[in-house]
Amino acid sequence: MMKYPKEYLEEIKLRLKVSKVVGKTVQLKRRGKEFVGLSPFKNEKSPSFTVNDEKEFYHCFSSGEHGNIFDFLMKTKSIGFGEAVKTLAAEAGMQPYRFSNFDKKKDLRFQTYKNIHKDYLDHFHHELYNSDNKIPLDYLKDRKLDDNIIKEFNLGFVPWKNNFYEILSKKYSEEEITLTGLYYKHDKTGKFIDRFNSRIIFPVNNISGDTIAFGGRIIKESKLAKYINSPETEFYKKGSMIFNLDKAKDCRSATDEVIIVEGYMDVLSIFGSGIKNVIANSGTAITEKQISLIWKFFSNPIICLDGDQSGQNAAFRIAEKLFGLINEQSKIYFSIMPQGQDPDDYIKKNGKSGFLLFLKEKEAIQSFIWNHHLKKINKTNPFEISKFEKDMKKLCYSIKDEILKKYILEDFLDRIKKLTPIQSTKGKYFDFQKYKNQKNINVLNETKNLHLKNSHFSKIQIKEFSILFIMLNYFEVTSKKIEDISAIKFLSGNNENLKQMIISLILEGKDKTIIQSKINDAQKKLIEEIQENTSIKIILEEKNDEEILELLNELLIEIQELNNLKKIESLEKELINNLDESSYSELIKLKSQLNRD
């Protein structure tokens, strides 16, 4: 029987919690550091089955069964070891191992690759403590890193013009050394140059703890980049690697949070303070692969970047990129440092307790995105508010979890509603130039009171009222959107009847006076309700026809989306009780329409 490489099996076990694998078969409840449940191997009324993620095993006291995740699948699914490995590797997001000659040769290359990195690290870790290299060691001490942290992370120093390549070449071939990316060939002399010359080196380990790359920091004033990383190789892909995850993962049984910072020094300072659940994205924007790997160990990562503008922009780019991946089990939070500080500065100034207190103010990803956008818009400009709403909706539609998408969209729409003058007296939604001082305050008070009166109407009813108000008062604008208005059916029967009557009379070429004469008593009462319960009349003051047309268009889009969401919700409830093919097809069609919009 062919044997899987030990490293391959270890990585599967590292990526998958025992409780996650077992929890698909056994209903588990947390009890201290362990989980308990009813035995899957024996009928019982009182739970005797335990799972320990930290020790990576399960144990059943009633049957005596004991083992790891591979054993559990083999025993509960009645499958062989190979099938269990394939199943769990796929769940861990790893490629299947095929036992081909290519795989065997790749394993041998990886062993050599790791050995070269280990020899390189051992040598230059000792060099850091060489009396000739006092400057780099003093630099680390000045950064408040003590010997324990320096040795814990195996930091090193690569002196200028060292001869370690010659030492390595006695054990390994030129091709094997070149594949590590540690050296490159000089174009003119043909000599091999150490990539990390005159730099402090930070070992970058895979989750098994093997060093497979380095980060390097120059310590003297130079035109060279302050930080560099190993180039990508066969075994090192920046978008898949996370600095210090090999150590931080040991905290997963104690917390579901991990702090993601930008730099190596940030990690070392925070780790040195006693906070072990800290990692870094090694100078790259966090990728989908990285966040998926992080979520396998920690369900609530906190992204904590520098407080300067570039740090804030980087955080926002990450938020927009990863927003669509969140779900109820896998979340993302943000804690951006105060202006001009990075996590390293902050923890030195405020200590462990101060830093932990700061992290308590973290923002969920949806709030972080909202606040970032909100700072950039003019809240008195309807066109900016309109674009803002579109951007928020577009982001919501990117969420893959359909149920979560619905509720976050609803949350965003509620927040947008509160930006209007109906709900806020802090600023004008539009620019009422003709109102000054007290008059302006009176207008805002009027809209506040209006909101209190119409709070019993639904969002859709208020939108319908707004469209009807425009139809009753701006015939020329309405005539340009007759087809679009006709295509939307109002949910309120009374509103729909009034809409159809106005459309018919406009198409017949009737003027405002004739239309008003055709209105019956019931419709007069409805029009009074519209006048009393919509803020659109205030918003439209001093607007030209082009601006009113734009607002009408926005209202039509919004009401169509709200109608679609209502239909989706109704169809989802219907499908729960009765799985009907036509209802399912309509549901898919509506969701596709929303995503296109």
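Just so you know, these numbers come straight off a predicted model, no measurement behind them.
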Test ring-ring contact (aromatic ring centres under 6.0 Å, His included) on Tyr346 and Phe358 and set out the steps.
CA-CA 10 Å; Tyr346 194 91; Phe358 171 76; 5.1 Å; yes

For side chain to side chain donor-acceptor pair (under 3.5 Å), just list the numbers for Asn300 and Glu257, CA-CA rounded to whole Å, side-chain angles, deciding distance to a tenth of an Å, and then say yes or no.
CA-CA 5 Å; Asn300 294 321; Glu257 292 184 344; 5.4 Å; no

Which residues pass the ring pair (Phe, Tyr, Trp, His ring centres under 6.0 Å) test with Phe243, sequence neighbours left out?
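With sequence neighbours excluded, Phe243 shows a ring pair (Phe, Tyr, Trp, His ring centres under 6.0 Å) to Tyr264, given in chain and number order.
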
Can you confirm whether the side chains of [X] and [Y] place a donor and an acceptor under 3.5 Å from each other?
X: Gln312; Y: Asp308; answer: no
X: Tyr97; Y: Asp107; answer: yes
X: Tyr113; Y: Arg109; answer: no
X: Gln339; Y: Gln309; answer: no
X: Asp194; Y: Tyr120; answer: yes
X: Thr178; Y: Tyr184; answer: no
X: Tyr227; Y: Arg199; answer: no

Do the rings of [X] and [Y] sit parallel, tilted or perpendicular, given the 30° and 60° boundaries?
X: Phe192; Y: Tyr165; value: parallel
X: Phe72; Y: Phe49; value: tilted
X: Phe316; Y: His373; value: perpendicular

Cation-pi geometry met for [X] and [Y] (6.0 Å, 45°):
X: Lys276; Y: Phe271; answer: yes
X: Lys362; Y: Tyr333; answer: yes
X: Lys247; Y: Phe153; answer: yes

Criterion side-chain contact (heavy atoms from CB on, under 4.5 Å) on Ile326 and Ile365, from CA distance to verdict:
CA-CA 9 Å; Ile326 60 172; Ile365 187 170; 3.8 Å; yes

If you round to the nearest 0.5 Å, how far is NE2 of His117 from CZ of Phe214?
5.5 Å

Residue pairs fulfilling salt bridge (Lys or Arg N to Asp or Glu O under 4.0 Å) with at least one residue in residues 161-173, sequence neighbours excluded:
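Passing the test, one end in residues 161-173: Asp119-Lys171.
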
Do [Y] and [X] meet the salt-bridge criterion of a basic N to acidic O distance under 4.0 Å?
X: Asp344; Y: Arg143; answer: yes
X: Arg252; Y: Glu56; answer: yes
X: Arg15; Y: Glu11; answer: yes
X: Glu174; Y: Lys185; answer: yes
X: Lys20; Y: Asp53; answer: no
X: Lys349; Y: Asp345; answer: no
X: Lys75; Y: Glu65; answer: yes

Main-chain N/O of Met241 paired to Asn206 side chain as donor or acceptor, under 3.5 Å
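Checked: no pair found.
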
Verdict with supporting geometry, Ile150 and Asp146, side-chain contact (heavy atoms from CB on, under 4.5 Å)
CA-CA 6 Å; Ile150 291 170; Asp146 60 27; over 6 Å; no

Tyr129 vs Asp147, side-chain contact (heavy atoms from CB on, under 4.5 Å): CA-CA, chis, key distance, verdict
CA-CA 10 Å; Tyr129 288 95; Asp147 276 339; 3.2 Å; yes

Please report the C-alpha distance between Phe57 and His59 in whole Å, then the side-chain angles of each, then the deciding distance to 0.1 Å, and finally whether the ring-ring contact (aromatic ring centres under 6.0 Å, His included) criterion is met.
CA-CA 7 Å; Phe57 69 68; His59 183 80; 7.3 Å; no

Can you check side-chain contact (heavy atoms from CB on, under 4.5 Å) on Leu374 and Phe388, steps first, answer last?
CA-CA 8 Å; Leu374 196 61; Phe388 173 56; 4.1 Å; yes

Should Lys405 and Asp401 be marked as a salt bridge (charged side-chain N to carboxylate O under 4.0 Å, His left out) after you check the CA-CA gap, both sets of side-chain angles, and the distance that decides it?
CA-CA 6 Å; Lys405 178 193 295 184; Asp401 185 308; over 6 Å; no

Candidate list Lys13, Lys106, Lys114, test salt bridge (charged side-chain N to carboxylate O under 4.0 Å, His left out), partner Glu7, passing option:
Lys114

Under the side-chain hydrogen bond (donor to acceptor under 3.5 Å, both in side chains) rule, collect the residues that match up with Lys24, sequence neighbours excluded.
Glu91

When you compare the side chain of Ile270 with that of Pro343, does any pair of heavy atoms fall below 4.5 Å?
yes

Assess whether side chain to side chain donor-acceptor pair (under 3.5 Å) is satisfied between Asp306 and Gln341, documenting all intermediate values.
CA-CA 6 Å; Asp306 296 357; Gln341 293 189 48; over 6 Å; no

What are the two closest non-hydrogen atoms of Ala315 and Ile336, and how far apart are they?
CB-CD1, 3.6 Å

